[in-house]
Amino acid sequence: MSVYLLRRLIQAVGVVFAMSLIVFIGVFAIGDPVEILISPDADQIERERAIRALGLDLPLWQQYLVFLGKALQGDLGRSFVFNEPALQLILQRMPATLELAFAATIGAIIIGLPLGLYAGLRPDSAGSKVIMAGSILGFSLPTFWVGLMLIMVFAVQLGWLPSTGRGETVEVLGMRWSFLTWNGITHLIMPALNLALFKISLVIRLTRAGVRETMLMDYVKFARAKGLSPFRVTFVHVFKNILIPVVTVTGLEFGSTIAFSVVTESIFAWPGMGKLIIDSINVLDRPVIVAYLMIIVLMFITINLIVDLTYSLLDPRVRLEGK
Amino acid sequence: MSIALETAAATRERVETPFRRFVSEFCESKLALFGLAVFTFIALLAILAPWIAPQNPYDLAVLDIMDGRLEPGSKSGDGTITFWLGTDDQGRDMLSGIMYGLRISLMVGAGSALLACIVGASLGLLAAYAGGKTDSAIMRVVDLQLSFPAILVALMILAFLGKSIANVVIAIVVVEWAYYARTVRGTALVERRREYIEAAQCLALPTRRILFRHLLPNCLPPLIVIGTMQVARAIALEATLSFLGLGVPITEPSLGLLIANGYEYMLSGKYWISFYPGIALLVTIVAINLVGDHLRDVLNPRLKK
C-alpha cells in the first residue's frame with residue numbers, strides 16, 4: 001500500500017509541475033507580458049526599468065523558476081483590476097462556488113436516484129421511457145441554454161424565483177453562506193438546478209443500469225424467495241449495492257462541476273470564482289487567470305488522487321496490478 | 001443449362017454490399033430519419049442564407065434602428081418586411097440573423113470536429129500501430145487531457161490565445177482530439193493483429209500506406225459514431241464560449257453570441273431575441289444526436305442480430 005501511495009503521490013506532484021509549466025508558457029510566453037504589465041504611456045527608460053524589476057529580461061527558464069518559487073509561497077501576483085493578491089481574491093470567492101457545487105451535487109442525487117430507481121425497476125413503463133428521454137436531453141443540451149430557459153420561465157414569466165445574485169447571506173467561520181437564509185435558498189435553487197442538470201442525467205443512467213444488473217443477482221432472487229417484502233428487497237438488498245458506483249462517480253464529477261460553474265455563475269450572476277475568471281479573461285487580468293488555473297488544477301489532481309486511493313483501499317486488485 | 005440460369009438469377013438480385021446494408025438498417029429507425037431530415041433542412045437554411053434570408057443582417061444600409069426590439073410578427077417601419085421572429089436591438093430581423101448565425105455555428109462546429117478527427121485519428125492509429133513508448137506517450141497525454149473537463153481546457157486556451165474564430169477552432173480541436181485518439185486506438189489494436197495487416201507488412205508496403213489504406217478504413221465505424229456526436233458537442237461548446245464572450249467576435253455572430261446579445265433584454269420580457277436562436281441551437285443539437293444515437297446502434301457489431 002505504501003509503495004502504491006508513494007508512486008501515486010509522485011505522479012500527482014509531477015502533473016502539478018507539468019501543468020504549472022503549461023500555464024506559465026501559455027500566459028507568459030505566448031502573450032507579451034510587457035504589453036500587459038506596463039502602462040503604454042511609459043517612456044523607454046521607464047519601460048526598461050519595469051522590465052528589469054519584473055524580471056522579464058531573464059531567460060525564460062529562469063523566469064519560470066522565479067514564478068515557481070513565488071507560487072510555492074502562495075504568491076501568484078497581484079490583480080491589475082482589484083489591486084489585491086490574486087490568490088486572496090480567488091479564495092474569497094471560493095465559498096460561493098463550493099456552495100453552488102455542493103448544492104448541485106446533493107440535488108443531483110436527491111432527484112436522480114429515485115428517478116433512476118424507478119426506471120430500473122419498471123424499464124418498460126411509459127414513465128421510465130420519459131425519464132430516459134429526459135436524461136438524453138440533459139446530456140446534450142448546453143447548460144447555458146437551460147439556464148436561460150429557467151430564468152425565462154421561473155423568474156420572468158412566473159416571477160417565483162429571483163434570477164441573479166446570492167441574496168441574503170449569513171457569515172459563519174468568516175465565510176458568507178446563502179443556504180442559511182430563506183432568501184438565500186430561493187437564490188440558490190435555479191443555479192444549483194442548472195448546474196445539476198448534467199449530473200442528474202448521469203445519476204439516472206448509473207442507477208438504472210445498476211438496478212437492472214443487481215435485480216438479476218442470486219442474492220436478490222434468494223431474498224425474494226425468502227418472502228421478503230418488495231420494499232425491503234429494493235431498499236435494503238438492491239439499493240445498497242448500487243450506491244457505491246453512484247457515489248464514486250458523483251464524487252469524481254465534483255471537479256468538473258466546479259469547472260462548469262463558470263457557465264452557471266455567469267448566467268445567474270453568482271459571485272463565485274467562475275464569474276471572476278470570465279471577467280478576468282475579458283479584461284486580461286493575467287495574475288488572476290494564472291491563479292485560478294493553478295488552483296483548479298490543484299483541486300482536480302487532489303480529487304483524482306483521493307478517488308484513486310479510496311479505490312485502492314476498497315479494491316486491492318488496483319494497487320497490485322501495477323506490480 | 002441450369003447452372004447458367006442460376007447465376008443469371010443471382011446477378012439479377014441486388015448484391016448486398018456493406019454500404020447498402022448500412023443504409024437499409026439506418027432507414028429502419030423513423031426517429032433517426034426524422035433527425036437526418038431536420039438536420040438537412042437546417043444545413044440548407046444555413047448554406048442558402050444569403051439567397052433566402054429576408055434581409056442581410058450585416059448590411060448596415062438596410063437596418064433601421066427604429067425597428068429595434070419589435071415583437072415577432074410585426075412589420076418594419078417602411079412596411080417592406082414582416083419580422084416573423086421579431087428584431088434585436090439594432091433592428092435586425094431575427095430570422096435572418098439566425099440563418100446567418102447557423103452558418104457560423106455549423107461551420108465552426110463541423111470544421112473543428114473534422115480537424116480534431118484528423119489529428120486524433122492519426123495519433124490514435126500511430127499509437128496502436130507503433131506500440132511501446134510511442135503508444136504510452138500518446139495515451140498519457142490523452143488520459144491527462146480527459147481528466148480535465150472540456151470547458152476548462154477551452155477556457156485555458158482562449159485565455160492564452162485571445163478571442164477569434166480560429167482560436168475557438170483550436171480550442172475545440174484540443175478539447176476533442178483525445179476522444180478520437182482513444183476510440184481509434186481501441187479499434188486499431190484489435191485490427192492490427194488481423195491477417196490482412198500481416199499480409200500488407202509482408203508485401204513491404206510503406207507504413208503510411210498500411211496505416212491509412214488498410215488499418216484506417218477498418219476503424220471507420222466507431223469513428224463515424226464518435227464524429228457525429230462530437231459535431232454536436234463542438235457546436236454546443238462554441239455556443240457556450242461565445243455566450244460567455246470568449247468565442248467568436250461580435251462582427252461574426254454565431255447562435256451563442258445572438259443568445260448572449262438578447263440575454264439582457266430577456267429580464268424585461270423581450271424574450272424573442274434570445275429565445276429563437278436558442279431554439280435553433282437546440283433543434284440542431286438534438287437532430288445530430290438522434291442521428292448519432294442510431295448510428296451507434298447500427299454500426300456496433302456487438303448489437304448485431
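A note on names: the letters A, B, ... follow the listed sequences, proteins ahead of strands, and every chain is numbered from 1. Because only heavy atoms are used, hydrogens play no part in the values below, and waters and symmetry mates are left out as well, while side chains stay in.
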Peer 1: Out of Val263(A), Leu148(A), Leu293(A), which one racks up the most heavy-atom pairs below 4.5 Å with chain B?
Peer 2: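 The candidate making the most pairs under 4.5 Å is Leu148(A).
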Peer 1: For Gln11(A), is the CD atom crowded, meaning more than 12 foreign heavy atoms sit under 6.0 Å from it?
Peer 2: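 More than 12 within 6.0 Å, yes.
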Peer 1: Among Trp145(A), Phe139(A), Phe144(A), Phe260(A), which residue has the highest count of heavy-atom pairs closer than 4.5 Å to chain B?
Peer 2: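 Among the listed options, the one with the most contacts to chain B is Phe144(A).
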Peer 1: Between Ile285(B) and chain A, which part of the residue has a heavy atom less than 4.5 Å away: side chain, backbone, both or neither?
Peer 2: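 When you check distances to chain A, only side chain atoms of Ile285(B) fall under 4.5 Å.
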Peer 1: Side chain, backbone, both or neither: which part of Leu144(B) has a non-hydrogen atom closer than 4.5 Å to chain A?
Peer 2: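 Just the side chain, heavy atoms under 4.5 Å.
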Peer 1: Are there over 12 heavy-atom neighbours, none belonging to Phe154(A), within less than 6.0 Å of that residue's CZ?
Peer 2: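 No, not enclosed.
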Peer 1: Where is the tightest heavy-atom contact between Thr240(B) and Pro142(A), given as atom of each residue plus distance?
Peer 2: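 That would be OG1-CB, 4.3 Å.
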Peer 1: So what's closer than 4.5 Å to chain A heavy atoms on Leu237(B): side chain, backbone, both or neither?
Peer 2: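 Contact with chain A is absent: no heavy atom of Leu237(B) under 4.5 Å.
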Peer 1: Any idea which of Leu158(B), Ile157(B), Leu282(B) has the most non-hydrogen atom pairs under 4.5 angstrom with chain A?
Peer 2: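 Of Leu158(B), Ile157(B), Leu282(B), Leu282(B) has the most heavy-atom pairs under 4.5 Å with chain A.
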Peer 1: Looking at Ala239(B), Ser274(B), Gly245(B), which one has more heavy-atom pairs under 4.5 Å with chain A than the rest?
Peer 2: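 With the most close heavy-atom pairs to chain A, the winner is Ala239(B).
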Peer 1: Within the structure provided, determine whether Met156(B) and Ile296(A) are in side-chain contact (heavy-atom separation under 4.5 Å).
Peer 2: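 Side-chain contact under 4.5 Å: no.
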Peer 1: Nearest 0.5 Å, please: how far is CD1 in Ile279(B) from CE in Met149(A)?
Peer 2: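 Here the rounded value is 6.0 Å.
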Peer 1: Need one label for Val15(A): side chain, backbone, both or neither, based on atoms under 4.5 Å from any heavy atom in chain B.
Peer 2: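 Side chain only.
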